[in-house]
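Below: one structure, written as structure tokens.
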Protein chains: 2
Amino acid sequence: MGAIKSDLFTRKQNELAAMARVLAHPARIAILQYLLKKNACICGDLVDELGLAQATISQHLKELRLAGLIQGTIEGPSVCYCLNPKTWKKYRESFMQLFQELDETSCEC
Amino acid sequence: MGAIKSDLFTRKQNELAAMARVLAHPARIAILQYLLKKNACICGDLVDELGLAQATISQHLKELRLAGLIQGTIEGPSVCYCLNPKTWKKYRESFMQLFQELDETSCEC
DNA sequence: ATGATTCATCGTAATATTGCGATAAAGCAA
DNA sequence: TTGCTTTATCGCAATATTACGATGAATCAT
């Protein structure tokens with residue numbers, strides 16, 4: 001028990017849920033919005049901006065990186081992070097597709 | 001530790017993360033898509049369709065209901081569930097707003 | 001080389017989520 | 001009423017997530 005039964009669902013359903021999970025934390029939303037605004041930043045910027053511990057920010061960055069939403073480039077002692085536009089668009093498309101389907105008669109209770 | 005520090009983030013960031021969390025499970029995605037297709041159903045339909053235990057489906061329905069994404073109407077011994085178009089649109093707007101902001105120069109690493 | 005800066009990772013504690021059996025509540029049919 | 005169907009809720013076990021201190025690796029300035 002306690003583990004998601006992924007085999008009961010379609011690949012698309014699992015993928016969409018996984019994408020939603022990446023966005024399901026305010027710190028990760030905040031990081032993405034910061035990157036949208038500033039275009040790039042280093043881990044330390046986010047520590048100052050968000051007020052979470054460095055280890056915690058680094059962990060959230062890792063999740064975003066594993067999801068492909070951001071990418072990091074080593075720049076001397078620091079790491080420059082920025083959005084990955086390709087994955088960002090893939091996310092947008094997937095959520096668009098979900099929210100597209102709805103006509104006004106969808107509630108029949 | 002282990003609890004999200006909501007006070008570090010804006011109301012909008014917390015709200016968006018909460019919306020994403022509701023969508024962050026394939027069973028809830030599947031339920032929403034089933035409702036989009038069928039317009040309405042009862043809990044038992046979903047138990048047959050998804051293959052999760054009745055208690056588990058009922059729990060996911062509760063989360064979707066608390067989020068305002070679906071509503072249930074008592075119909076005799078069963079409960080008819082359907083989407084709430086208003087909240088559905090609110091979700092769409094919120095995610096669109098997030099994904100809107102991006103120009104091609106957003107990656108500068 | 002030494003020290004300072006930056007970041008990732010490990011280990012751990014606290015908390016949250018997932019799944020389901022068992023049970024209860026409510027309506028319906030006979 | 002009795003039994004059947006349908007659903008919600010409780011309680012528990014398994015797993016996942018969140019947060020952070022401590023530590024280590026890499027770079028840079030002196």
Side-chain angles (χ1 to χ4, degrees), chain A residues 1-9 13-14 17-31 34-35 40-67 70-82 109, chain B residues 1-9 13-14 17-31 34-35 40-67 70-82 109:
Chain A
M1 291 168 233
I4 292 176
K5 296 192 157 183
S6 306
D7 52 312
L8 294 179
F9 311 103
Q13 285 167 342
N14 284 310
M19 291 189 221
R21 206 198 55 74
V22 176
L23 302 178
H25 193 293
R28 292 194 288 271
I29 295 284
I31 290 171
Y34 190 80
L35 283 175
C41 71
I42 63 175
C43 178
D45 294 339
L46 295 165
V47 175
D48 296 341
E49 177 80 6
L50 300 186
L52 285 168
Q54 184 267 323
T56 307
I57 297 289
S58 191
Q59 195 176 315
H60 284 303
L61 286 171
K62 185 181 182 180
E63 277 199 75
L64 291 169
R65 193 160 34 79
L66 288 179
I70 65 174
Q71 58 197 86
T73 310
I74 296 173
E75 279 190 2
S78 61
V79 177
C80 177
Y81 281 103
C82 64
C109 296
Chain B
M1 289 170 235
I4 292 177
K5 296 191 157 184
S6 305
D7 53 312
L8 294 179
F9 312 103
Q13 285 166 342
N14 283 308
M19 290 188 223
R21 207 198 55 77
V22 176
L23 302 178
H25 194 292
R28 291 194 288 273
I29 295 284
I31 290 171
Y34 190 80
L35 284 175
C41 71
I42 63 175
C43 178
D45 294 339
L46 295 166
V47 175
D48 296 340
E49 177 80 7
L50 301 185
L52 285 168
Q54 184 269 323
T56 307
I57 297 290
S58 191
Q59 193 177 316
H60 284 304
L61 286 170
K62 185 181 183 181
E63 276 199 76
L64 291 168
R65 193 160 34 78
L66 287 178
I70 64 174
Q71 58 197 84
T73 310
I74 297 174
E75 279 189 3
S78 61
V79 177
C80 177
Y81 281 102
C82 64
C109 294

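Within every chain, numbering begins at 1; the chains are lettered A, B, ... in the order of the sequence lines, protein sequences first and strands thereafter. Because the structure is predicted, anything quoted here is derived from the model rather than measured.
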For the atom pair CG (Leu52(A)) and NZ (Lys5(B)), what is the distance rounded to the nearest 0.5 Å? 6.5 Å
Kindly indicate, with the supporting measurements, whether the criterion side chain to side chain contact (heavy atoms under 4.5 Å, CB included) is fulfilled by Phe9(A) and Ile29(B). CA-CA 9 Å; Phe9(A) 311 103; Ile29(B) 295 284; over 6 Å; no
Please report, rounded to the nearest Å, how far the C1' atom of dT18(C) is from the CG atom of Asp7(A). 14 Å
With a 4.0 Å limit, can you tell me whether His60(A) has a side-chain N or O closer than that to the phosphate oxygens OP1/OP2 of dT17(D)? no
Supply the atom-to-atom distance Lys62(B) NZ to Ile70(B) CD1, rounded to the nearest 0.5 angstrom. 12.5 Å
Separation of Glu75(B) atom CD from dT7(D) atom P, in whole Å? 10 Å
Atom-pair distance (CG on Leu46(B); C1' on dG19(C)), nearest Å: 16 Å
N/O donor-acceptor pair under 3.5 Å between Asp48(A) side chain and Asp45(A) backbone: no
So, for Leu50(B) and Ala30(B), which heavy atoms are closest and what is the spacing to 0.1 Å? CD2-CB, 3.7 Å
Given the rule in the side chain to side chain contact (heavy atoms under 4.5 Å, CB included) test, do Leu23(A) and Met19(A) qualify, once you have shown the distances and angles that lead to the verdict? CA-CA 7 Å; Leu23(A) 302 178; Met19(A) 291 189 221; 6.0 Å; no
Between CZ of Arg28(A) and C1' of dA19(D) the distance, given in whole Å, is 12 Å
As a quick check of understanding, evaluate side chain to side chain contact (heavy atoms under 4.5 Å, CB included) for Leu46(A) and Cys41(A), giving each step before the final call. CA-CA 8 Å; Leu46(A) 295 165; Cys41(A) 71; 3.8 Å; yes
Atom CD1 of Ile74(B) to atom C1' of dA8(D): distance rounded to whole Å? 11 Å
Which part of the nucleic acid, if any, lies within reach of Glu63(B) when heavy atoms closer than 4.0 Å are counted: base, sugar-phosphate only, or nothing? sugar-phosphate
Check the interface with nucleotides 2-9 of chain C: list each N/O to N/O pair with the protein under 3.5 Å, or write none.
residue, atom, partner, partner atom, Å
dC7(C), OP1, Cys43(A), N, 3.2
dC7(C), OP2, Gly44(A), N, 2.8
dA8(C), OP1, Tyr81(A), OH, 2.2
dA8(C), OP2, Ser58(A), OG, 2.6
dA8(C), N7, Gln54(A), NE2, 3.0
dA8(C), N6, Gln54(A), OE1, 3.0

Tell me: CG of Leu8(B) to P of dT18(D), nearest whole Å? 14 Å
Of Gly76(A) and Ala24(A), the one whose closest nucleotide on DNA chain D sits nearer the 5' end is Ala24(A)
Hey, is the side chain of Arg21(B) poking within less than 4.0 Å of OP1 or OP2 on dT17(D), counting only N and O atoms? no
Please round to the nearest 0.5 Å and tell me the distance separating atom CD1 of Ile31(A) and atom CG of Leu64(A). 5.5 Å
Five-pair end axes of the helix from dA1(C)-dT30(D) to dA30(C)-dT1(D) and the angle they enclose, rounded to 10°: 20°
Using a 4.0 Å heavy-atom cut-off, does Leu52(B) contact any base of the nucleic acid, only the sugar-phosphate backbone, or nothing at all? sugar-phosphate
Between dA16(D) atom P and Ile4(B) atom CD1, what is the distance in whole Å? 17 Å
Could you tell me the separation between the CD1 atom of Ile31(B) and the P atom of dT18(C), rounded to a whole number of Å? 11 Å
Which residue pairs pass the side-chain hydrogen bond (donor to acceptor under 3.5 Å, both in side chains) test when at least one of the two sits in residues 50-60 of chain A, sequence neighbours left out? Arg28(A)-His60(A)
